[in-house]
Amino acid sequence: GGDFIVAGGVSVNRIAKWNGHAWSALATPVGVGVTGGTVHALTVFEDGAGDRPALFVGGGFGAAGGVTASRIARWDGATWSALAGPGGEGVWGIHMGGLVYALAVFDGGAGSSLHVGGDFETAGGGVVNGIAAWDGSDWSALGGPSGSGVEVWVEEMTEFQSGTTRVLCVGGLIHEAGGVIVDHIACWNGNAWSPLEEPGGNGVSGPVAALAVFDDGSGPALYAGGGFATAGDTASNCVAKWGCRQPPPCRPDVNGDGELDILDFLDFIDSFAECEARPAPCAGSSGVSADYNGDTVVDILDFLDFFDDFGSGC
C-alpha cells in the first residue's frame with residue numbers, strides 16, 4: 001500500500017498484491033484499488049463476515065474497488081466492502097484530515113477487535129476522537145472514566161505485555177488519552193487509558209512516529225521513535241526504550257547466583273587465600289575472581305573492598 005499507481009507495469013491504484021512471481025491489482029468489475037487518497041496501513045483480521053480472515057486497508061481514500069469507503073475498507077480476496085455499522089460508515093474528520101494512519105488487532109478482554117487510529121473525530125457516526133474499535137458489525141470508542149479517545153491524533157499502535165496485562169500502546173501527537181495526560185504515548189487495557197509514567201515524568205517530549213516490541217536479552221520492552229528529545233527525564237534523541245527498570249548489579253554477589261549470602265563470602269575468601277601470592281587475574285577453585293577491585297593486583301585492598309561492600313549489602 002502507498003501512493004503509487006502502477007506496480008510491475010500493472011495499473012493497481014495505491015495497493016497491489018505480489019505472489020512471488022508477479023504483481024496484480026485488488027480489483028472488482030467496478031473498480032481497481034483505492035481512489036481519492038493514499039494507503040497508510042494494512043492488517044489482517046477475522047471479523048466474522050466471511051469464512052476466513054480479511055485484509056483491512058486504511059488511509060486517506062474515499063472509495064475502494066468502486067465502493068464508497070471512507071478511509072477504511074475490507075478486502076476478502078474477491079470484493080471490497082466498507083466498514084458500516086448502524087450509525088454510519090467508515091471514519092470522518094470534522095476539523096482535521098480524517099485519515100487512518102494505523103491498524104492493530106487487540107483483545108481487551110471482550111474478544112478481538114480491529115483498532116483503527118488516525119486524525120479522525122468520528123467512526124460509524126459516533127464521536128471517537130482519533131481511535132476506534134471495529135468488532136465486525138459496529139464501531140465503538142475507547143473510553144475511560146475521564147473521556148474517550150485521544151487528543152490530538154494516533155500515528156502508530158502495537159500490542160505490549162505490561163506486567164501481567166496485555167495492553168495496546170499508541171503513539172502520535174497525543175497530549176491526553178481518555179482525559180489523562182500522557183505526553184504522546186499511552187496504553188489501553190480494554191477499560192482505561194494510562195500513561196507511561198515514571199518519577200521523572202510522563203511519556204516523551206515530542207510526537208511518536210513508530211513503536212515496536214523487542215527483547216534485547218533483558219526481557220521484552222517497548223521501543224518508541226519520533227520527534228522527541230527526552231523520555232521521562234532521560235535524554236533520548238528520537239528513540240527510547242520502555243520496560244522494567246533493571247536493578248543495579250550487586251557487586252559483592254561474586255558467585256552470581258542472584259543472592260548475597262554467606263556463600264559469596266566463603267567463595268571470595270577461598271579465592272583470595274589461593275590467589276594472594278599470584279599475579280592477577282586469578283580465580284580460585286570456586287571460580288570467583290580474587291581481583292575484586294579490578295586493579296590487576298590481588299592484595300589486601302581487594303579483601304578490604306569486598307568486606308566493605310559485603311557488609312553494606314545490596
| task | Start with the C-alpha distance between N129 and I131, add both sets of side-chain angles, then the distance that settles side chain to side chain contact (heavy atoms under 4.5 Å, CB included), and finish with yes or no. | result | CA-CA 6 Å; N129 295 322; I131 188 167; over 6 Å; no
| task | Verify whether one side chain among D138 and S140 offers a donor that lies under 3.5 Å from an acceptor in the other. | result | no
| Atom pair CH2/OG of W193 and S148 - distance to nearest 0.5 Å | 10.0 Å
| query | Going by atom types alone, do D76 and T79 pair a side-chain donor with an acceptor below 3.5 Å? | reply | yes
| field | Hydrophobic cluster identity match, V182 and V152, side-chain contacts under 4.5 Å | value | no
| Same cluster (ILVMFWY, side-chain, under 4.5 Å), V100 and W139 | yes
| said: Would you say that V12 contacts F4 through its side chain, given a criterion of any heavy-atom pair below 4.5 Å between the two side chains? | reply: yes
| query | Are V208 and V213 co-members of a hydrophobic cluster defined by side-chain heavy atoms under 4.5 Å apart? | reply | yes
| said: Which label fits F310 and F265: parallel for a plane angle under 30°, tilted from 30 to 60°, or perpendicular past 60°? | reply: tilted
| task | Please tell me if the side chains of V167 and C169 come closer than 4.5 Å, counting only heavy atoms from C-beta onward. | result | yes
| remark: Interatomic distance, OG@S271 vs OH@Y292, rounded to 0.5 Å, equals 13.0 Å
| For D47, which residues count as a side-chain hydrogen bond (donor to acceptor under 3.5 Å, both in side chains) partner, sequence neighbours excluded? | R74
| Who pairs with D216 by salt bridge (charged side-chain N to carboxylate O under 4.0 Å, His left out), at least two apart in sequence or on another chain? | K241
| said: If we check ring-ring contact (aromatic ring centres under 6.0 Å, His included) with H115, which of these qualifies: W134, F106, F45? | reply: F106
| For T38, what residues pass the side-chain hydrogen bond (donor to acceptor under 3.5 Å, both in side chains) criterion, not counting sequence neighbours? | D3
| field | Separation between OG1 of T122 and CH2 of W92, rounded to the nearest 0.5 Å | value | 8.0 Å
| request: Could you tell me whether E159 and R166 make a salt bridge, using a distance below 4.0 angstrom between a side-chain N and a carboxylate O? | output: yes
| said: Are L99 and V91 linked, directly or through intermediate hydrophobic residues, by side-chain heavy-atom contacts shorter than 4.5 Å (ILVMFWY only)? | reply: no
| For the hydrophobic clusters of this structure (ILVMFWY residues joined by side-chain heavy atoms under 4.5 Å, transitively), does one cluster hold both F228 and L211? | yes
| message | Do V180 and P195 have side chains that approach each other closer than 4.5 Å (heavy atoms only, starting at C-beta)? | response | yes
| field | Least distance between heavy atoms, S11 atom then A25 atom | value | O-CB, 3.5 Å
| said: Has T234 got a side-chain atom pairing as donor or acceptor with S236's backbone, closer than 3.5 angstrom? | reply: no
| field | Spacing of N189 atom CG and T165 atom OG1 [to the nearest 0.5 Å] | value | 7.0 Å
| query | Has I181 got more than 12 heavy atoms of other residues, nucleotides or ligands less than 6.0 Å from its CD1? | reply | no
| message | Determine whether R71 and L83 satisfy the following criterion, side chain to side chain contact (heavy atoms under 4.5 Å, CB included), listing intermediate values before the conclusion. | response | CA-CA 10 Å; R71 310 298 192 257; L83 277 60; over 6 Å; no
| query | Measuring from H175:NE2 to N202:CG, what's the distance to the nearest 0.5 Å? | reply | 13.5 Å
| query | How close do V150 and G130 get, heavy atom to heavy atom, and via which atoms? | reply | CG2-CA, 4.2 Å
| task | Ignoring hydrogens and angles, tell me if any N or O in the side chain of D267 forms a donor-acceptor pair with the backbone of D264 under 3.5 Å. | result | no
| request: Mind checking side-chain hydrogen bond (donor to acceptor under 3.5 Å, both in side chains) for Y101 and listing every partner two or more places apart, or none if nothing turns up? | output: none
| side chain to side chain contact (heavy atoms under 4.5 Å, CB included) between L222 and T158: does it pass, once the steps are laid out? | CA-CA 9 Å; L222 179 69; T158 194; 3.6 Å; yes
| note | Nearest heavy-atom approach of A104 to M157 is N-CE, 3.7 Å
| request: Indicate the atoms forming the closest heavy-atom contact of A240 with A231, along with that distance. | output: CB-CB, 3.6 Å
| request: Supply the atom-to-atom distance E46 CD to F56 CZ, rounded to the nearest 0.5 angstrom. | output: 10.0 Å
| query | For the residue pair L173 and P207, what are the closest heavy atoms and their distance? | reply | CD1-CG, 3.8 Å
| said: Between D119 and G98 (side chain of the first, backbone of the second, donor and acceptor by atom type, cut-off under 3.5 Å), is there such a pair? | reply: yes
| task | Compare every heavy atom of L196 with every heavy atom of C187, then report the nearest pair and how far apart it is. | result | SG-CD2, 3.8 Å
| task | Check whether any side-chain heavy atom of K17 sits under 4.5 Å from a side-chain heavy atom of W23, and report yes or no. | result | no
| said: Can you confirm whether I72 sits close enough to L114 that some side-chain heavy atom of one is under 4.5 Å from a side-chain heavy atom of the other? | reply: yes
| query | Do V6 and V10 come close enough that some side-chain heavy atom pair is under 4.5 Å? | reply | no
| Are L142 and V128 close enough, and set up right, to give a side chain to side chain contact (heavy atoms under 4.5 Å, CB included), and what steps lead you there? | CA-CA 7 Å; L142 277 61; V128 294; over 6 Å; no
| query | Rest of the hydrophobic cluster containing L42 (Ile/Leu/Val/Met/Phe/Trp/Tyr, side-chain heavy atoms under 4.5 Å)? | reply | I15, L26, V34, V39, V44, L55, V57, F61, W75, W80
| query | What's in the same ILVMFWY side-chain cluster as Y223, cut-off under 4.5 Å, chained through other members? | reply | F214
| field | A102 backbone acceptor or donor facing E155 side chain under 3.5 Å | value | no
